[in-house]
Amino acid sequence: MSGIADTLLSGDLPRSRILTALLGVIVGVLALAPLLFDGAQAINTAAKICVFIVLAASYDLLLGYTGIVSFAHTMFFGLGAYGVGLALYGWGATWTSVAAGLALAIVAGLALALVIGLVSLRVKAIFYAMITLAVASAFAILAGQLSDFTGGEDGRSFRVPELLRPATLLFRLPLLNIDITGRTAAYYLVAGSAAGLFLSALRVVNSPFGRVLQAIRENEFRAEAIGFDVVTYRTLGNCLAAVMAVFAGALYALWLRYVGPDTTLSFGIMLDILLMVVIGGMGTLYGAIIGATLFILAQSYLQKLMGAAAKSTQGIPVLPDLLHPDRWLLWLGVLFVLSVYFFPAGIVGTLRSRAVTQEQLPKT
Amino acid sequence: MPTPAIETRDLTIRFGGHVAVDAVSCAFHAGTLTAIVGPNGAGKTTYFNLISGQLPATSGTVHLDAADISHLSAAARARRGIGRAFQITNLFPNLSTLENVRLATQSRARSRAGAAHGLAGTLRELTSRWDRDTAVRSRALDYLAEVNLAEKRDVPVVALSHGDKRKLEVALMMALEPHVFMFDEPTAGMSVDEVPVVLDLIKRLKARGDATILLVEHKMDVVRSLADRIVVLHNGRLVADGAPAEVIASPIVQEAYLGIAPTKAVEAALHG
Ligand SMILES: Nc1ncnc2c1ncn2[C@@H]1O[C@H](COP(=O)(O)OP(=O)(O)OP(=O)(O)O)[C@@H](O)[C@H]1O
Ligand SMILES: [Mg+2]
């Protein structure tokens, strides 16, 4: 049993009991989501969490493992979503369209990552961040302007292959009396791919290549001095992160059956994934699971929770105003400031270092 | 004379108006240990940086086994066999001592594979588990043991004493298995009982007979006991080059290197 976990997780175990439990709950709920919930919002939230775990993990590859600060990551997410979305829209709702759209998006994403990488990984971090910001903005504007092709600001709705359509009834679970529809199939496509992508990323960061990335983050100068071509490694890291983001985008498009700038390219999403990684814990990958889950749960349910709270505090001065659902962003902000303040190493980093100190206690 | 392992021809670097290394032409042969001495700011470290590629030369060339390597990056030169231990400790601070050395042995394994590494090698590098490469790991342990750090294999560098960091600095270079070894004040700041670990290592290396060793060292007793030859740099220029006894006694060294009255200089030279 532990051997299988070790192989799946590439030897990089959570290393904290609380973290293991937390991850177990999240993964368990995500794996059973279609059976546990029947509301559309719950299952949408679960699917969104799966997609953003992949996206945040891919960003952690960059930020946490390679030490690259990039603001162009949503561009790759958008490429994947537009690639699959526009292919399904233009070439018909077939798996061939999905594969072709994904392949094109991967090629385009790789090319872009390679060009940005080679051109700008040689410059200082701050310039690199600015270059990626400029490229990402240009890309978002382009997607908005080419409205004949992309649907502009409105985006494109499209049909997905038959297997994934909500109206498709696949079978009925006999005991539980639950209909397994195309929606369930789509969910498991998203969740299964997310699991596969996450475990692959975990393998990459625990490979010899991943170790070199970490060495570069620790001391770029010495990594070069012992014979590693820093630019090559970083560019390759950049490309891998980009491809992973392309996959996340493709999954998101398949799930939403829609692609548009607001769901994939907006700068708001870029900030969201940055926060997910920082709150979860940079350079841990597991942080992406924790960060994405907390963030999206807050985003989806904080408003509701606040509405209820505002109602129940009616009559008390100021409080209902503060708790009005329109203030949810304010409270989300407060939550982030608090979590960064109390967990500077991110949730995963903090849990791990606490586990280490507890382990050492009996010895000393 | 056989081809020198390392040769610099009119090697020069200018920082703004300041010429830190000024047209230095010098050849170093396999199987020899050359000490490079000179006062603080003479340009010794900068000369090393030009040879191992950390700095690009303003003019002049560096040759490795007669091939001009001036255009190569520091990483490429390291892979070709130029090893460097830095004067200012330069390690991976949050990784353990073993992981530090392991990175060097990993780099060595990769450069040894050379072109054979190829696409399959890159794929393996991406998809295999680093902790399963026992060959790379056990070689790293050997090099750790060579500087008496085997027991501290799991200690992160930030938690090491200064002396242990200096030894690890040397171990990283040794693990690259270079042909050219460049030690930049390897024992500086070490406690008296730690110094022999590094000096013995250099002696063993010298006894091997095929290594090209360049040693920057201020302690004259060390230089005397190890060097086959002394090169003196002063204000970026090569001012003396020859057998140790000769060079230390020469007036130019007493003047240039020590910058003090000749009689005192001789004493200082002899007793460190
Ligand atoms: N990157 C740099 N930019 C500007 N000046 C530099 C740079 N590196 C070295 N120098 C200057 O070049 C000169 C030579 O410095 P270097 O470090 O090579 O001396 P050194 O002989 O190694 O001295 P020490 O014995 O103190 O180590 C010094 O004046 C130094 O200030
Ligand atoms: Mg120096």
Side-chain angles (χ1 to χ4, degrees), chain A residues 3 6-13 61 64-67 122 196 199-237 239-241 243-244 282-284 345 349 352-353 356 359-360, chain B residues 48-49 52-54 72-86 88-95 99-112 117 121-133 136-137 156-158 168-169 172-173 175-178 182:
Chain A
D6 183 73
T7 305
L8 274 178
L9 304 179
S10 304
D12 187 359
L13 304 172
L61 276 184
Y65 284 89
T66 321
R122 292 167 194 272
L199 293 175
S200 309
L202 203 56
R203 170 54 62 94
V204 167
V205 303
N206 288 292
S207 69
F209 169 83
R211 284 279 127 171
V212 178
L213 284 189
Q214 272 174 293
I216 292 171
R217 183 187 61 180
E218 284 275 316
N219 186 347
E220 181 178 339
F221 177 89
R222 189 52 183 256
E224 178 90 21
I226 59 174
F228 295 115
D229 283 316
V230 168
V231 171
T232 308
Y233 276 87
R234 283 197 152 160
T235 304
L236 192 52
C239 287
L240 288 176
V243 169
M244 194 166 165
M282 282 195 290
T284 62
R352 277 182 173 174
S353 58
V356 169
E359 221 169 74
Q360 283 167 349
Chain B
F48 269 15
N49 282 337
S52 54
Q54 269 75 32
L72 293 182
S73 69
R77 294 185 203 193
R79 291 196 298 270
R80 292 255 197 130
I82 297 183
R84 174 83 189 269
F86 291 90
I88 296 170
T89 306
N90 207 319
L91 300 159
F92 304 106
N94 296 307
L95 305 184
E99 286 191 46
N100 267 267
V101 181
R102 224 199 50 87
L103 281 161
T105 49
Q106 179 182 322
S107 172
R108 175 62 187 139
R110 195 181 192 282
S111 62
R112 186 179 278 158
H117 185 72
T122 305
L123 271 182
R124 204 169 336 106
E125 201 180 342
L126 277 166
T127 58
S128 70
R129 273 174 62 171
W130 74 279
D131 57 346
R132 291 284 161 85
D133 195 336
V136 161
R137 186 187 136 91
V157 166
V158 283
L168 187 59
E169 179 68 41
L172 242 69
M173 171 175 67
L176 290 175
E177 298 171 355
M182 304 169 73

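Keep in mind the model is a prediction, meaning the values are calculated, not measured. Chain letters run A, B, ... following the sequence lines, proteins first and then strands; every chain starts at 1.
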Let's test your reading of the structure: which of [options] forms the most heavy-atom pairs below 4.5 Å with chain A?
{"options": "L95(B), L126(B), T122(B), N100(B)", "result": "L126(B)"}
{"options": "R102(B), Q106(B), Q54(B), R84(B)", "result": "Q106(B)"}
{"options": "M173(B), R79(B), R110(B), R129(B)", "result": "R129(B)"}

### Query
Where do L103(B) and Q214(A) land on the side-chain contact (heavy atoms from CB on, under 4.5 Å) test, with the steps shown first?
CA-CA 10 Å; L103(B) 281 161; Q214(A) 272 174 293; over 6 Å; no

Given that the side chain runs from C-beta out, which part of [X] has a heavy atom under 4.5 Å from chain A: side chain, backbone, both or neither?
{"X": "R77(B)", "result": "neither"}
{"X": "L176(B)", "result": "side chain"}
{"X": "R108(B)", "result": "neither"}
{"X": "D133(B)", "result": "neither"}
{"X": "S128(B)", "result": "both"}

### Task
Check for a donor-acceptor pair, side chain of S207(A) on one end and backbone N or O of T127(B) on the other, with a separation under 3.5 Å.
no

### Query
Taking all atoms of both residues into account, what is the closest heavy-atom pair of P208(A) and E125(B), and its distance?
CD-O, 3.2 Å

### Query
For the residue pair G227(A) and S107(B), what are the closest heavy atoms and their distance?
CA-OG, 3.9 Å

#### Entry: With R80(B) via salt bridge (Lys or Arg N to Asp or Glu O under 4.0 Å) - residues at least two apart
none

### Salt-bridge contact R132(B)-D6(A) (side-chain N to carboxylate O under 4.0 Å)
yes

### Pairs satisfying salt bridge (Lys or Arg N to Asp or Glu O under 4.0 Å), at least one member in residues 203-217 of chain A, at least two apart
R211(A)-E99(B)

### Task
Assess whether side-chain contact (heavy atoms from CB on, under 4.5 Å) is satisfied between N219(A) and L91(B), documenting all intermediate values.
CA-CA 7 Å; N219(A) 186 347; L91(B) 300 159; 5.6 Å; no

### Task
Evaluate the criterion side-chain contact (heavy atoms from CB on, under 4.5 Å) for residue pair R222(A) and F86(B); output intermediate values, then yes/no.
CA-CA 10 Å; R222(A) 189 52 183 256; F86(B) 291 90; 3.3 Å; yes

### Region of V205(A) in contact with chain B, defined by heavy-atom distances below 4.5 Å
neither

### Message
When you compare the side chains of D131(B) and N206(A), does any donor N or O come within less than 3.5 Å of an acceptor on the partner?
### Response
no

